[in-house]
Amino acid sequence: MRYSEMHLPTGREIPSDAEVVSNQLMIRAGMIRKLTSGIYSYLPLGYRVIRKVEQIIREEMNKAGAQEVHLPMVQPAELWQESGRWNYYGKELLRFRDRNNRDYCLGPTHEEVITDLVRNDIKTYRQLPCNLYQIQTKFRDEVRPRFGVMRCREFGMKDAYSFDADEAGAEKSYQKMFTAYNNIFRRCGLQYRPVEADSGSIGGSFSHEFMVMAESGEDAIVFCEQCNYAANLEKAEIARPEKNAHREKDWLPMESIETPAVRTIEEVSSFLNVSSRQIVKTLIFNADGKPCAVLIRGDQEVNEIKVKNYLGAAELTLADDEIIMKATGAPRGFAGAVGIKVQVIADYSIMNLVNMVTGANKEDYHLKNVNIGRDFQVEFFADLRVSEPGDTCPRCIGAIKFVRGIEVGHVFKLGTKYSKAMKASYLDKDGKEKTMIMGCYGIGIGRTVAACIEQNFDQNGIIWPMPLAPYAVIVTPVNINEPDVMKASEDIYAELLACGVEVILDDRDERAGVKFKDADLIGIPLRIVVGPKNLAQGHVELKIRRTGKSSLYATGDVVTEVRKIITSELNEAS
RNA sequence: CGGGGCGUAGCGCAGCUUGGUAGCGCGCUUGCUUUGGGAGCAAGAUGUCGAGUGUUCAAAUCACUCCGCCCCGACCA
């Protein structure tokens with residue numbers, strides 16, 4: 001395409017409300033524009049990149065045996081009531097009414113619609129397995145949209161849903177998608193890694209997230225340097241420690257100490273001059289309306305997702321003052337396990353502690369030399385805390401590392417959560433009715449593009465990996481008013497077009513510097529510079545965006561060289 | 001939802017404290033010069049100063065209300 005005819009509004013200034021690099025560059029490079037909070041338009045350049053990602057996804061999904069469909073974005077409330085999510089999903093689900101006053105929502109995900117579709121058309125095991133996918137707009141009314149298209153409210157997503165007759169089949173479908181996802185992200189030229197994850201509100205039993213490594217990522221991930229264990233921080237397991245032999249001879253008599261207005265771990269630690277590792281933090285949670293005390297070592301953090309999963313609670317929040325008062329008989333800050341009137345579970349971290357410090361369940365008092373078994377009982381010990389540096393790998397004995405990542409894909413083994421609620425069943429060989437087993441698999445398209453930029457930029461702009469580049473080459477005549485220069489540029493441009501290379505001819509009447517800056521900003525991997533001095537020798541310059549290296553080629557050879565580079569970079573990724 | 005910040009030309013910002021003709025840089029238009037890393041000179045165009053109400057002879061500026069956007073937190077695919 002001729003640059004002079006393109007709608008490609010680039011900008012020099014960094015937009016004041018763009019926080020992360022990818023957002024700044026996507027706006028400056030004329031890829032996106034914000035319409036309103038969390039809602040973006042894609043301009044021609046941006047949309048080309050989106051389509052590149054979509055194309056790679058389509059190829060790999062099709063190869064994995066999935067078939068493309070297109071489901072409605074506007075969905076009737078009835079389906080969501082049937083699955084139980086109309087009430088459960090919360091404010092993220094954008095609801096509205098039509099002229100007949102019927103309730104609808106904008107689809108934040110499509111489990112309900114696809115399950116409805118499949119249950120009506122699939123009746124027998126002969127029609128299974130079945131994997132359907134779509135690339136479609138989702139709407140989630142995010143509490144706080146941020147980072148441009150990385151976390152927005154309206155966004156393009158590829159979502160796939162598998163239906164199987166039995167567990168073994170479901171496992172196979174999951175593996176196929178897992179492989180397809182690896183192919184997709186590798187082909188996109190991303191540095192990524194699949195990690196074990198919590199399945200969240202989508203539900204289900206097992207899941208992996210595909211994380212693109214980036215400092216700006218919203219997720220923390222842990223991985224083992226020795227084995228291949230990797231998990232989202234919220235999922236990262238901590239091995240059960242060895243239980244020490246009872247050392248009851250070390251137990252000191254329990255004492256009650258007055259600690260006026262001393263509430264937090266730091267305050268207790270300095271007031272009593274004991275290490276926070278010796279103090280037990282007692283957190284009262286409200287689990288579906290039932291109070292529960294969670295004990296953990298003072299210097300560590302409770303992982304609420306683990307607590308929630310452990311208790312099997314649908315909703316878990318920290319208890320309010322009223323519940324705390326009722327459970328402990330004291331205001332916030334003095335809770336302890338001794339004599340507490342609620343269920344007590346404890347993190348492994350306190351399993352081997354002796355002579356602990358805890359709250360006394362009495363205002364302005366703490367207890368010293370508290371011991372498990374003598375002074376209170378623990379119903380269960382479990383892994384309930386947040387993983388931290390220094391922990392060892394739960395699978396081997398290696399040290400774990402922490403990095404940040406952007407979640408670009410997520411695969412879930414759903415089981416029968418939706419098929420059961422919505423009665424998606426089939427007849428098996430014996431004519432018995434059985435529930436289908438489902439999996440669901442998502443990829444954020446725009447987020448993948450943004451994540452790619454987070455990994456591929458420099459001070460001058462974006463550096464596209466070849467597979468996602470909106471154009472592979474830009475031909476830059478240094479001065480369009482020199483007939484020879486322009487003629488040579490046009491010839492090279494025509495030749496590239498003729499062999500199907502995606503190419504821009506920068507035919508604008510701008511100074512060379514402006515053209516170079518724009519080419520760098522929009523990140524075109526290869527640039528052919530046609531200038532009068534080199535041309536007089538029969539040469540043009542080929543510059544590689546990523547390395548900044550340039551070399552001279554005869555005007556007749558440069559196209560061959562460019563095609564060679566494109567082919568090799570595309571093959572390298574696949 | 002809690003805390004904080006911002007809203008003035010397409011973009012980035014000044015002006016507001018102490019009320020009195022709406023400004024700067026970039027971009028845009030025209031002309032001349034220039035032409036290998038965001039050119040120079042000259043002449044121009046572009047604003048319901050987020051909205052409303054109030055105070056005042058007079059409001060971008062002061063007060064109140066509302067709206068929008070961003071950040072931190074809470075929350076969450």
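In what follows, chains carry the letters A, B, and so on, assigned in the order in which the sequence lines appear, proteins first and then strands, with residues in each chain numbered from 1. All values derive from a computational prediction rather than experimental measurement.
- Under the Watson-Crick and G-U wobble criteria, each requiring two contacts below 3.5 Å, nucleotide U48(B) is left unpaired.
- The separation between Leu233(A) atom CG and C76(B) atom C1' is 15 Å, rounded to whole Å.
- Between the side chain of Glu541(A) and the base of G36(B), a donor-acceptor pair under 3.5 Å is found.
- With hydrogens and angles ignored, no donor-acceptor pair closer than 3.5 Å exists between the side chain of Lys543(A) and the base of G36(B).
- Remark: Arg546(A) is not positioned above the aromatic ring of Trp464(A), lacking an NZ or CZ atom under 6.0 angstrom from the ring centre and at most 45 degrees off the axis.
- Between the side chain of Asn479(A) and the base of G36(B), no donor-acceptor pair of N or O atoms lies under 3.5 Å.
- Base-pair partner of C1(B): G73(B) (Watson-Crick or G-U wobble, both distances under 3.5 Å).
- Between Asp506(A) and Arg2(A) there is no salt bridge, since no side-chain nitrogen of the basic residue lies less than 4.0 Å from a carboxylate oxygen of the acidic one.
- U56(B) is unpaired under the criterion used here, namely a Watson-Crick or G-U wobble arrangement in which both key atom distances are under 3.5 Å.
- For Arg28(A) against G12(B), no side-chain N or O and base N or O form a donor-acceptor pair under 3.5 Å.
- Between the CZ atom of Arg508(A) and the C1' atom of G27(B) there is a distance of 13 Å, given to the nearest Å.
- Rounded to a whole angstrom, the distance from the P atom of A59(B) to that of G54(B) is 12 Å.
- Summarising the base pairing, C16(B) is matched to no nucleotide, lacking a Watson-Crick or G-U wobble pair whose two defining distances lie under 3.5 Å.
- In this structure, Arg186(A) is not positioned above the aromatic face of Tyr192(A) in the sense of NZ or CZ being under 6.0 Å from the six-membered ring centre and within 45° of the axis.
- For Glu304(A), taking side-chain heavy atoms from C-beta onward, the closest of the listed nucleotides U35(B), G36(B), C75(B) is C75(B).
- Across every strand in view, G7(B) sits in a pair with C67(B) that passes the Watson-Crick or G-U test at under 3.5 angstrom.
- With ring centers used as reference points, Tyr161(A) lies 6.0 Å or more from His110(A).
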